[in-house]
Amino acid sequence: MRNGMSLHKKEEALAAAKKTFRLRWLVTALVLLLCMVLADRAAVSDARLSPASRTLSCDNPLEVARMSDGSTVINDSALRVLCIAPNGQLRYVINAGNNRQLTGITLDEADNLYLYRTVSNASGALRDEICKFDARGTETAVLYTIDYTEQTKSDTATVRTSPLYVRDGTLYFTRYHVYRTELLSLRLDTGKAEAYAALDSDVPFLYTDVQGIGDGVYYYAKETGELGKGTVGGAEEPLYKGSFDVRKNQGFRPFYIRWAGGNVYTYDYWHSRIYEVKDGRLGEPAWQSDFDYNTGVYEMAVQGNAVLGISDGTPWRAENGVVQALQSSARIPVWMAVQEGLVRLLKLCAVPAIWLCAAYILLWLCWNVLLCGKKIACKLLLLETFVCLGLLVLLYEGVSAQYRRYVLQNRETLGQKASLTAQLMDGSAVFAIQTSGDLQSADYRDLNRILIDNYSLYESEADTAALLLVQNG
């Protein structure tokens, strides 16, 4: 009797196993495995988005502008641009996309948005595109392109660009080279771009910032600490001359200079403060504010007669002597919150589901081939499959180890090349550079020439370094 009951249970277990390991369940497991792999690789928004509270906040606000209806436009981490309506609702989002960054935002009187879109690959920046977006956040045109792949000489290549500025239907921007600063204008009605001025110098990177405002007038900031006003084809008029002590790390170092509504403002990036330039002096802007806007400043821009900035993560706008804090978070639509919530849930469940599907597929193969298989050839084929998978895993680990060793060796080789090609310079010439006023000296020019001429040897994706041997006398 017991043997009969035991045999009956075995038959039931065998029937259950046959039902469990049917072909249709294998196909289902394979489809589910593929879906979970895709879900695991799905991109979750890297913004500070909370599906529960339906809130999208700026992770790292970099630039700010304001539309005519009071909407705030914020560049968040150079990865996206958010437009927040006055009622706190999200108006639109512009995402940079893979291998792209967004910088230099500004608006015209019709609330069209202009910005740089930098396209890069593993080797670095490929091009900068000046793009135009309408008031709804839809891209309408690429107005101008700087192609970095066509630049062959380091001293004539564009090193950086200025933020964009719109006035009277014209977009102004600046291209900085090693020894030349090029001022450009772009008519928004015709799309015609023109390089209307070039400021040359025998000191590399002399101009830290130049803002063209039309009619051949521009305002400039130099690394020597000089701020001034210039006219194309004419002379430059210094408005303020500051100084910076290199050894003590003290003094004034201008980073931006901006003209707005007849007033001139400058931004000291290293001290994180904004000053008004007036009567040959620097002073605090005569603005009223409910918060400390002039501490921890890391951005300054102008739009019309207004000055905009970001201080300790808070965007603000100053106009008519009053500083107003701007919004940096928005309420998002229900569909966006639901979509993000579902993606996050799928990613959370993806890895356990992948392991379960893989385990089922392995059990299915063992049951249908090893246990129920009638032909020895099928069993041998399965064994060979397992062996090949193991060999592939070992091969992957071996190739990865060799690649890591190759990267390490290349780093050491670059370091050796930098040391071997370093040039000798008199120590007294270097130590003579004490203040920003010495940055126009012959010794400073020689020092920069050595570093710039050998720049390609020191450049890498992770960092840029240069070795200079200084004779200590």
So, the side chain of Arg54 versus the backbone of Ile332: is there a donor-acceptor pair under 3.5 Å, distance only? yes
Can you find a heavy atom in the side chain of Thr106 that is under 4.5 Å from one in the side chain of Leu113? no
Going through the distances and angles, do Val210 and Tyr176 end up as a side chain to side chain contact (heavy atoms under 4.5 Å, CB included)? CA-CA 9 Å; Val210 178; Tyr176 298 92; 4.2 Å; yes
Just wondering, more than 12 heavy atoms not from Glu109 lying within 6.0 Å of its CD? no
Side-chain H-bond candidate by donor/acceptor type, Asn99 with Ser120, under 3.5 Å: no
Set out, in order, the CA-CA distance, both residues' side-chain angles and the distance that settles side chain to side chain contact (heavy atoms under 4.5 Å, CB included) for Arg253 and Tyr269, then state yes or no. CA-CA 8 Å; Arg253 284 187 291 181; Tyr269 173 84; over 6 Å; no
Can you name the residues that form a side-chain hydrogen bond (donor to acceptor under 3.5 Å, both in side chains) with Asn112, not counting sequence neighbours? Asp108
Between Ser71 and Asp69, do the side chains contain an N or O donor and an N or O acceptor separated by less than 3.5 Å? yes
Do Asp209 side-chain atoms and Ala221 backbone N/O form a donor-acceptor pair below 3.5 Å? no
Closest approach of Val73 to Ile105 (non-hydrogen atoms, all atoms of both residues): O-CD1, 3.9 Å
Considering only heavy atoms from C-beta outward, does the side chain of Pro163 approach that of Tyr256 to under 4.5 Å? yes
Check for a donor-acceptor pair, side chain of Thr149 on one end and backbone N or O of Leu126 on the other, with a separation under 3.5 Å. no
If we ignore hydrogens and angles and just use 3.5 Å, is the side chain of Thr161 paired with the main-chain N or O of Arg175 as donor and acceptor? no
Ignoring hydrogens and angles, tell me if any N or O in the side chain of Asn75 forms a donor-acceptor pair with the backbone of Gly104 under 3.5 Å. no
Restricting to non-hydrogen atoms, name the atom on Ala197 and the atom on Val232 that form the minimum distance, rounded to 0.1 Å. CB-CG2, 3.6 Å
Apply salt bridge (charged side-chain N to carboxylate O under 4.0 Å, His left out) to Glu236 and Lys222, showing your working. CA-CA 12 Å; Glu236 292 183 341; Lys222 296 181 179 180; 3.3 Å; yes
Presence of salt bridge, Glu182 and Arg180, under 4.0 angstrom: no
Would you confirm whether Arg160, through its side chain, and His177, through its main-chain N or O, come within 3.5 Å as a donor-acceptor pair? no
Do Leu184 and Tyr172 make a side-chain contact, defined as non-hydrogen atoms from C-beta onward lying under 4.5 Å apart? no
The reported gap from CD1 in Ile84 to OG in Ser329 (rounded to nearest 0.5 angstrom) is 6.0 Å
Student check: side-chain heavy atoms of Cys83 and Tyr92 closer than 4.5 Å: yes
Over-ring placement of Arg258 relative to Tyr265, 6.0 Å and 45° cut-offs: no
If you take all heavy atoms of Trp316 and Val64, which pair is closest and at what distance? O-CG1, 4.3 Å
Could you walk me through whether Leu227 and Tyr220 pass the side chain to side chain contact (heavy atoms under 4.5 Å, CB included) test, one step at a time? CA-CA 6 Å; Leu227 306 173; Tyr220 65 85; over 6 Å; no
Short N-O contact, Asp268 and Arg273, less than 4.0 angstrom: no
Does Gln303 use its side chain to pair, donor to acceptor, with the backbone of Arg66 at less than 3.5 Å? yes
Non-hydrogen side-chain atoms of Asn87 and Arg331 separated by less than 4.5 Å: no
Run the side chain to side chain contact (heavy atoms under 4.5 Å, CB included) test on Leu26 and Leu30 for me, step by step, so that the C-alpha distance in whole Å, both residues' side-chain angles and the decisive distance to 0.1 Å come before the verdict. CA-CA 6 Å; Leu26 174 65; Leu30 289 171; 4.2 Å; yes
Kindly give the heavy-atom pair with the smallest separation between Ser123 and Asn121, and that separation in Å. N-OD1, 2.9 Å
Would you check if the side chain of Glu299 reaches a backbone N or O of Glu63 as a donor-acceptor pair within less than 3.5 Å? no
Aromatic plane relationship, Tyr267 with Phe255 - under 30° parallel, 30 to 60° tilted, over 60° perpendicular: perpendicular
Would you say that Thr231 contacts Tyr218 through its side chain, given a criterion of any heavy-atom pair below 4.5 Å between the two side chains? no
Quick one about Gln324 and Tyr293 (side-chain donor to acceptor, distance below 3.5 Å, no hydrogens or angles considered), yes or no? no
Kindly indicate whether the side chain of Leu199, heavy atoms from C-beta on, has any atom under 4.5 Å from the side chain of Leu183. yes
Working to the nearest 0.5 Å, report the span between OG of Ser272 and CE of Met300. 13.0 Å
Please determine whether side chain to side chain donor-acceptor pair (under 3.5 Å) holds for the pair Glu223 and Tyr207, giving the CA-CA distance in whole Å, both sets of side-chain angles, and the decisive distance to 0.1 Å. CA-CA 6 Å; Glu223 62 181 1; Tyr207 291 91; over 6 Å; no
Salt-bridge test for Glu194 and Lys192: reply yes if a basic N is under 4.0 Å from a carboxylate O, no otherwise. no
Test of understanding: with side chain to side chain contact (heavy atoms under 4.5 Å, CB included), list the residues that count as partners of Asn60, not counting sequence neighbours. Leu62, Asp76, Ser77, Tyr298
When rounded to the nearest 0.5 angstrom, what is the spacing between CG in Leu356 and CG in Leu32? 9.0 Å
Taking Arg167 for its side chain and Ile213 for its backbone only, find out whether a donor-acceptor pair lies under 3.5 Å. yes
So, taking the atom named CZ in Arg117 and the one named CG in Leu115, what distance separates them when rounded to the nearest 0.5 Å? 7.5 Å
Output yes when a side-chain donor or acceptor of Ser162 lies under 3.5 Å from a complementary backbone atom of Thr174, and no otherwise. yes
Side chains of Asp128 and Thr118 only: does a donor on one sit below 3.5 Å from an acceptor on the other? yes
Heavy-atom nearest pair, Met67 first then Ala135, reads CE-O, 3.9 Å
Min side-chain heavy-atom separation Tyr179-Val203 under 4.5 Å: no
Run Asp312 and Thr314 through side chain to side chain donor-acceptor pair (under 3.5 Å) and show every step you take. CA-CA 6 Å; Asp312 291 329; Thr314 301; over 6 Å; no
The side-chain contact (heavy atoms from CB on, under 4.5 Å) partner of Leu186 among Thr170, Leu171, Val166 is Leu171
Closest non-hydrogen atom pair, Gly251 against His271: O-CE1, 2.7 Å
Walk me through whether Arg127 and Glu150 qualify under salt bridge (charged side-chain N to carboxylate O under 4.0 Å, His left out). CA-CA 10 Å; Arg127 63 184 180 275; Glu150 297 179 352; over 6 Å; no
If a pair satisfies ring pair (Phe, Tyr, Trp, His ring centres under 6.0 Å) and one of its residues is in residues 94-149, list it, with sequence neighbours excluded. Tyr144-Phe173
